[in-house]
Amino acid sequence: MLKLYIAVPCYNEEEVLPDSAEKLRAKLNSMMTDGLITQDSRIVFIDDGSKDKTWQLITQLHESDSIFSGIKLSRNRGHQNALMCGLMTLRDEADAVISIDADLQDDIEVFDEMVRRCEDGCDVVYGVRSKRETDTFFKRFTAEGYYKLLDKMGAKVIFNHADFRLMSRRALRAFAEFRETNLFLRGMVPMVGYKSDIVTYERSERLAGESKYPLKKMLALAWEGITSLSTKPIKMITRLGLIIFLISLIMLIYTLIRYFTGATNTGWASLMVSIWAIGGLQMVAIGIIGEYIGKIYLEAKRRPRFIVEEYIHD
Ligand code: UDP
Ligand code: MG
C-alpha cells in the first residue's frame with residue numbers, strides 16, 4: 001500500500017477550493033477503503049501567495065480534517081514554483097505524490113490507475129489528455145502546435161501532458177537534484193528517467209472561478225519551455241547569420257555588375273529595405289541571445305525558488 005500525497009497549487013482559488021477539497025477527500029477516502037493507499041495519505045494545498053481567502057480556507061480545512069495539510073509560500077511565485085515547492089517539501093514524507101490543479105479540470109478518477117501503475121514499478125505516471133474537446137479551437141491549435149514545436153526544438157515532452165502526474169519518492173529524490181531556477185516541470189520530469197507510463201483521461205471545464213493563466217502568463221510559460229529546455233534558437237541565429245552572409249556575397253557581385261554597367265543610382269529602394277530587414281533581424285538575434293544571458297544571470301544568482309512561510313500538517 002502506498003502513502004499517497006496529492007499536491008495542489010492554489011492561487012486565488014477561494015471560489016473553487018471548498019468544492020475541490022470535498023471531491024478530493026471523497027476520492028482519497030474511497031481509495032483508502034479499497035485498500036489502495038494508507039490511512040495517513042494526505043491532500044496538501046500549496047498557497048502561492050494568494051490575495052483572497054485561500055489560505056484561510058486551507059487552515060479551516062486542516063482544522064476540520066487532518067487529511068488536509070497546507071503549505072504557504074511567502075509570496076506569489078507562479079504555478080511552476082509553487083508546484084516545485086510542494087514536491088520538494090513532501091518528497092520524504094510520501095511514497096508517491098500526485099500533482100493536480102486546484103480547479104480539478106484533470107480527472108481525479110484516474111488516481112487509482114496511477115497508483116496501480118506505480119505499484120507495478122513505474123516511478124512516473126503521466127496524465128495525458130485523450131482529446132481536447134472542451135478547448136476552444138484557438139487553444140487546441142496553439143497548444144498542440146506548441147508541443148510539436150518543442151519536439152522540433154529537441155525538448156522531450158509528453159504530448160498533451162501538463163502538470164497532472166504521479167511521481168514516486170525515488171523519482172522525487174532524483175528530481176531534487178535538478179537545481180535550476182527557470183522551471184518548466186513537464187520538460188524536466190522526463191529527464192529523470194526511470195520506468196514511466198501514461199494514463200489517459202478527458203479534461204473537463206474548470207469547476208468554478210476564473211483561469212489563473214491569462215494569455216500573458218501562458219505565453220510566458222511557453223517561452224520558458226523553449227528557452228529552458230533548448231539552445232536551438234541560438235543555433236538558428238547562427239545559421240540565419242550564415243545565410244544572410246551568403247546573400248550579401250551575392251548582393252556584392254550584383255552591385256559590382258551594376259557599378260560597371262553604370263547604373264548605380266537605382267538601388268535606393270532595395271538598399272533601404274535591406275537596412276531595415278537586417279537591422280530588425282539583428283535586434284531579434286541579440287534579443288534571443290539576451291534572453292539566454294538573462295537566464296544564466298538568474299541561475300548564477302542561485303536564489304531560492306520558493307520560500308515557505310508556514311507548513312501546517314499533522
Ligand atoms: N496557479 C498558481 N500560481 C499562479 C497561477 C496559477 O499556483 O500564479 C495555480 C492555480 O491555482 C491552479 C493551477 O495553477 O491550481 C493552474 O491554473 P489554472 O487552472 O487557472 O490554469 P488553466 O487551467 O486555465 O490553464
Ligand atoms: Mg485550470
Side-chain angles (χ1 to χ4, degrees), residues 5-24 27 43-58 61 68-90 97-108 110 127-129 131-147 157 160-165 181-186 189 201-225 305-311:
Y5 274 41
I6 312 290
V8 192
C10 308
Y11 178 57
N12 294 344
E13 297 285 13
E14 62 179 12
E15 277 170 275
V16 81
L17 203 58
D19 215 9
S20 299
E22 207 34 66
K23 288 205 164 78
L24 284 169
K27 181 67 199 165
I43 300 157
V44 187
F45 297 107
I46 304 116
D47 176 26
D48 184 17
S50 297
K51 292 178 186 69
D52 64 359
K53 291 206 192 70
T54 300
W55 181 247
Q56 227 169 300
L57 286 172
I58 294 170
L61 284 165
F68 296 115
S69 311
I71 301 172
K72 187 182 195 305
L73 263 70
S74 59
R75 68 184 177 93
N76 180 246
R77 292 303 319 265
H79 176 216
Q80 299 288 299
N81 282 298
L83 189 51
M84 190 65 166
C85 167
L87 297 177
M88 291 303 104
T89 312
L90 306 174
V97 179
I98 293 179
S99 51
I100 188 167
D101 291 349
D103 54 5
L104 300 193
Q105 283 185 282
D106 308 300
D107 188 4
I108 60 173
V110 301
V128 170
R129 303 175 61 168
K131 35 186 160 131
R132 286 182 168 265
E133 274 176 359
T134 48
D135 280 357
T136 60
F137 171 77
F138 175 74
K139 179 80 196 266
R140 183 162 59 199
F141 183 75
T142 50
E144 293 194 338
Y146 179 66
Y147 280 104
V157 285
N160 273 347
H161 157 74
D163 283 310
F164 179 36
R165 72 179 85 81
T181 310
N182 297 287
L183 297 178
F184 187 69
L185 297 176
R186 70 194 76 167
V189 175
Y201 67 98
E202 273 177 48
R203 194 170 153 111
S204 49
E205 304 278 359
R206 197 173 230 285
L207 284 180
E210 270 168 20
S211 172
K212 305 298 177 288
Y213 261 102
L215 191 64
K216 205 174 145 203
K217 271 194 196 172
M218 220 163 73
L219 290 176
L221 182 69
W223 183 248
E224 186 78 14
R305 291 175 292 200
F306 49 80
I307 293 168
V308 174
E309 186 172 321
E310 224 179 314
Y311 178 23

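Each residue takes its place number in the sequence, starting with 1. In listed order, ligands and their atoms are each counted from 1.
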Does K53 offer a backbone N or O that forms a donor-acceptor pair with the side chain of E14 under 3.5 Å? yes
Is N12 reaching over with its side chain to a backbone N or O of S50, donor-acceptor style, under 3.5 angstrom? no
Has Y146 got a side-chain atom pairing as donor or acceptor with A222's backbone, closer than 3.5 angstrom? yes
How far apart are the C-alpha atoms of I58 and F68, what are their side-chain angles, what is the distance that settles it, and do they pass the side-chain contact (heavy atoms from CB on, under 4.5 Å) test? CA-CA 8 Å; I58 294 170; F68 296 115; over 6 Å; no
Taking C-beta and beyond as the side chain, do E310 and D47 meet within less than 4.5 Å on heavy atoms? no
Can you name the residues that form a side chain to side chain donor-acceptor pair (under 3.5 Å) with K27, not counting sequence neighbours? E109, D112
Verify side-chain contact (heavy atoms from CB on, under 4.5 Å) between K212 and D103, making sure each step is shown before the conclusion. CA-CA 10 Å; K212 305 298 177 288; D103 54 5; over 6 Å; no
Sequence neighbours excluded, the answer for ring-ring contact (aromatic ring centres under 6.0 Å, His included) partners of Y11 is none
Could you pull out the N/O/S protein atoms under 2.8 Å of the Mg ion (ligand 2), ignoring any water? D103 OD2, Q105 OE1
Report yes or no: does Q105 contribute a side-chain atom to a donor-acceptor pair with the main-chain N or O of S204 at less than 3.5 Å? yes
Sorted by chain and residue number, the residues with a non-hydrogen atom under 4.0 Å of ligand 1 are P9, C10, Y11, E13, D48, N76, G78, H79, D101, A102, D103, Q105, R203, R206, S211, K212, Y213, K217
